Amino acid sequence: MSNSIRELTRLYLNRVSSPFLFTIIITTVFAFSTSIAALVVVQVHSTEISDRLYLDTKSTADSYLGIYNLAGPEAVITEIKRQAQFANDNTTLASFWFNKTKTAKGTLLVQTPFDGRSSLTVGKEISSITDVGDESDGRYYGFGIKVDDGWILVAKDSLWVSDSQELLTESILWGLGIAMTIVTIVAFSIAKLSQMRVHSINTVLNKAANGQLNVRCEVSPHERDELATVSRGINQTLEQLETSIQSLQQVSSDIAHDLRRPLTRLRLKLEGLSHEHDTKLKNLDSAIEDVDRLSATFDSILELAQIESGVEAIESKPVELGELCRETLELFEPIAEESGHSLTPITSKNIVTIAGDSNLLRQAIINLVDNAMRYTPAGSEIRISYGFLKSQPYLQVSDNGPGIDASELELVVRRFYRADKSRNIEGTGLGLSLIKAIAARHNAELKLVDNKPGLQVTLIFK
C-alpha cells in the first residue's frame with residue numbers, strides 16, 4: 001500500500017510542470033516582498049495620521065488656552081459646553097481640570113489630568129459617556145496643557161485614523177491581488193514558453209540520439225536569449241555530426257558496393273571450377289562458403305547503414321505483435337524440429353498493437369529467434385512472448401542456453417563484436433546491431449538481461 005502511495009506521489013510530482021513551480025515561486029516571492037512593503041506603508045501612514053490628529057487636538061487645546069488667558073477657566077468651560085451643543089456626537093471632548101477640587105468640568109471626564117500627548121480609552125482613562133458612536137472603538141487622541149488653575153484637556157475620536165487605515169488596507173489588498181494575478185499570468189506564460197522551447201530541444205536531442213540526425217531545433221534569427229544560443233549550438237553540432245556520419249556511411253556503402261560485384265564474380269568462377277575439377281571439389285566448396293559469408297556480411301553492412309541513416313522513412317502502420325509472433329513461430333517450427341530446439345509461445349490476453357514498419361519488426365524478431373537457435377545447444381527451449389510492461393508494449397525472446405557474460409551484455413550490440421562463447425560459431429556479428437537500429441527507428445529500447453540460465457532480449461516500445 002505504501003509503495004502504491006509513493007508511486008502515485010511520484011507520478012503526481014512528475015506531472016507538476018516546471019511552469020507551475022516557477023509561477024508558485026515567483027508569486028510567493030512577489031507576495032512576500034509586497035506584503036512587507038505594504039506593512040511598512042500602513043505603519044508609516046498610521047504614524048502620519050496619528051501625528052496629524054494630535055496636531056489637530058493640540059490646535060483645539062491652544063484655542064481654549066487663548067480663551068483661558070483672556071477670561072479664565074469659567075469662560076473655557078462655557079465655550080466647551082457651547083461647542084458640545086453644536087456637535088453632540090462626542091467626536092471631540094474637552095474639559096478643564098481644577099487643581100483645587102481635583103475634578104474636571106466639561107465633556108472629557110477623566111480621573112487624572114495629563115500634559116502633552118496621551119492615548120485615552122473610554123471606560124479606562126475616560127469615564128463612560130452616553131454616545132460613543134457605532135463605528136468608534138472608544139479610543140481617543142488627547143492633548144493636555146497645564147495652566148495656573150489646572151489643565152486644559154482635549155481629546156478627539158480615533159475614528160478618522162481607523163477609517164483611513166481601513167481604506168488604505170483595502171486599497172493595498174485589492175492592488176496586491178490584481179498585481180499578483182498579473183504577475184502569476186505573466187510568470188506562467190514566460191515559464192510555459194520556456195518549457196515548450198526546452199521540450200522542443202529535448203525532442204530534437206532524443207531524435208538525434210535515435211539516429212535521426214537530420215532534425216533541427218526551431219530558432220528565429222532575431223532571438224538572442226540563452227535558449228536560442230543553445231539551439232544554434234545544437235543545430236551546428238548536428239550539422240557537423242550528420243556530415244561526418246553521412247561521409248562514413250557513404251564510405252561503408254561504397255566499399256560494400258565495390259566489393260559486392262567482384263565477390264559475386266569470384267563465387268561464380270569458383271562454382272564453375274567446382275564442377276570442372278572434381279578432385280578439388282572440397283576446397284572449392286569451402287572457398288564458395290567463405291565468399292557467401294563475405295557477401296552476407298556486406299549485405300548486412302548495407303542494410304544496417306540504410307536503417308541507421310534514416311534516409312528512408314519507415315512505414316508507420318498498426319502492427320499486431322501477437323500476429324507477428326505467430327508468423328515467426330510458423331517459419332521456425334520446421335527448423336527447430338530439425339535442430340532439436342523447443343519453441344514455446346507465451347500469448348497475452350490483450351491485443352498488443354504498435355505503430356511501426358511490419359517488415360523491419362518481422363526482421364527483428366526473426367533475427368532474435370535465429371540468434372537464439374544459433375547460439376544455444378540442441379534441446380534448449382526458446383520462448384517468444386509479448387504484452388505490456390508497465391503500460392508499455394514489449395516483444396521478448398528468451399532461452400535457457402549458455403547466455404552471455406554480464407560484462408559483455410552492453411558490448412554485443414556493437415558492430416562485429418562477438419562474445420567469447422560464440423567465437424567458434426559462424427555469423428556476421430551484426431545481428432544485434434541490426435535489431436538495435438530497428439529498435440531505435442521505432443523509438444524502442446533494446447534490453448538484454450541474464451535469464452538465469454540463458455539470455456533474455458526485450459524490445460520495449462515507448
Side-chain angles (χ1 to χ4, degrees), residues 286 288-290 292-301 303-304 307 319 321-348 352 358-387 394-406 408-439 442 444-460:
S286 177
I288 292 173
E289 290 178 1
D290 291 338
D292 288 340
R293 283 195 294 270
L294 286 172
S295 296
T297 299
F298 283 113
D299 288 341
S300 298
I301 292 175
E303 187 177 12
L304 181 58
I307 295 174
V319 179
L321 296 185
E323 181 64 24
L324 206 61
C325 292
R326 286 188 289 272
E327 292 177 2
T328 306
L329 282 172
E330 292 175 1
L331 176 65
F332 278 94
E333 276 180 354
I335 304 174
E337 291 179 2
E338 183 178 348
S339 63
H341 289 83
S342 172
L343 290 178
T344 304
I346 301 177
T347 59
S348 174
V352 184
S358 59
N359 293 326
L360 290 179
L361 292 172
R362 185 178 294 105
Q363 182 179 356
I365 189 172
I366 287 175
N367 283 2
L368 287 176
V369 176
D370 181 66
N371 280 351
M373 295 182 63
R374 185 189 299 270
Y375 297 109
T376 57
S380 300
E381 181 185 14
I382 300 172
R383 293 188 174 188
I384 305 175
S385 61
Y386 64 95
Y394 78 90
L395 181 64
Q396 186 179 91
V397 176
S398 59
D399 61 70
N400 58 354
I404 300 175
D405 293 339
E408 295 183 302
L409 286 175
E410 295 183 1
L411 302 176
V412 292
V413 295
R414 297 181 180 177
R415 296 185 183 186
F416 302 111
Y417 184 87
R418 298 176 67 84
D420 292 336
K421 297 179 181 178
S422 61
R423 291 196 178 273
N424 297 325
I425 301 176
E426 293 183 0
T428 62
L430 294 171
L432 287 175
S433 298
L434 280 169
I435 296 170
K436 183 181 180 182
I438 294 172
H442 288 80
E445 177 188 2
L446 177 63
K447 192 174 183 180
L448 283 71
V449 297
D450 187 0
N451 199 35
K452 299 180 181 179
L455 178 66
Q456 182 186 91
V457 183
T458 308
L459 282 173
I460 303 174

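These numbers were taken from a predicted model, which means no experiment stands behind them.
Checked options Asn367, Leu448, Val449; the residue passing with Val457 is Leu448 (criterion: side chain to side chain contact (heavy atoms under 4.5 Å, CB included)).
With sequence neighbours left out, the side chain to side chain donor-acceptor pair (under 3.5 Å) criterion links Thr328 to no other residue. With sequence neighbours excluded, the residues forming a salt bridge (charged side-chain N to carboxylate O under 4.0 Å, His left out) with Glu327 are Arg362, listed by chain and number. Under the side chain to side chain contact (heavy atoms under 4.5 Å, CB included) criterion, Leu329 pairs with Leu343, Pro345, Ile384, not counting sequence neighbours. With sequence neighbours excluded, no residue satisfies side chain to side chain donor-acceptor pair (under 3.5 Å) with Asn400. Take Arg326 and apply the salt bridge (charged side-chain N to carboxylate O under 4.0 Å, His left out) test, not counting sequence neighbours, and it matches Glu320, Glu323. Partners of Glu333 by salt bridge (charged side-chain N to carboxylate O under 4.0 Å, His left out), not counting sequence neighbours: none found. Scored by the side chain to side chain contact (heavy atoms under 4.5 Å, CB included) test, Leu331 finds Ile366 as partners (sequence neighbours excluded). Every residue two or more places apart in sequence or in another chain that forms a side chain to side chain donor-acceptor pair (under 3.5 Å) with Thr344 is listed here: Glu381. Scanning for side chain to side chain contact (heavy atoms under 4.5 Å, CB included) contacts around Asp450 gives Lys452, with sequence neighbours left out. A search for side chain to side chain contact (heavy atoms under 4.5 Å, CB included) contacts involving Pro377 returns Ser380, Pro402, not counting sequence neighbours.
Asn451 is not listed as a side-chain neighbour of Asp399, based on a closest heavy-atom distance of 4.5 Å or more.
Contact detail for Ala378 and Ser339: the closest heavy-atom pair is CB-O, 3.3 Å. For Leu321 against Tyr394, the heavy-atom pair with the smallest separation is CD1-O, 3.6 Å. The heavy-atom pair separating Cys325 from Leu395 by the smallest distance is SG-CD1, 3.3 Å.
In this structure, CG in Leu459 is found 8.5 Å from CD1 in Ile438, a value given to the nearest 0.5 Å. Residue Thr376 holds its OG1 atom at 10.0 Å from CG of Asn371, rounded to the nearest 0.5 Å. Here Tyr375 contributes atom OH and Leu455 contributes atom CG; the two are 11.5 Å apart, rounded to the nearest 0.5 Å.
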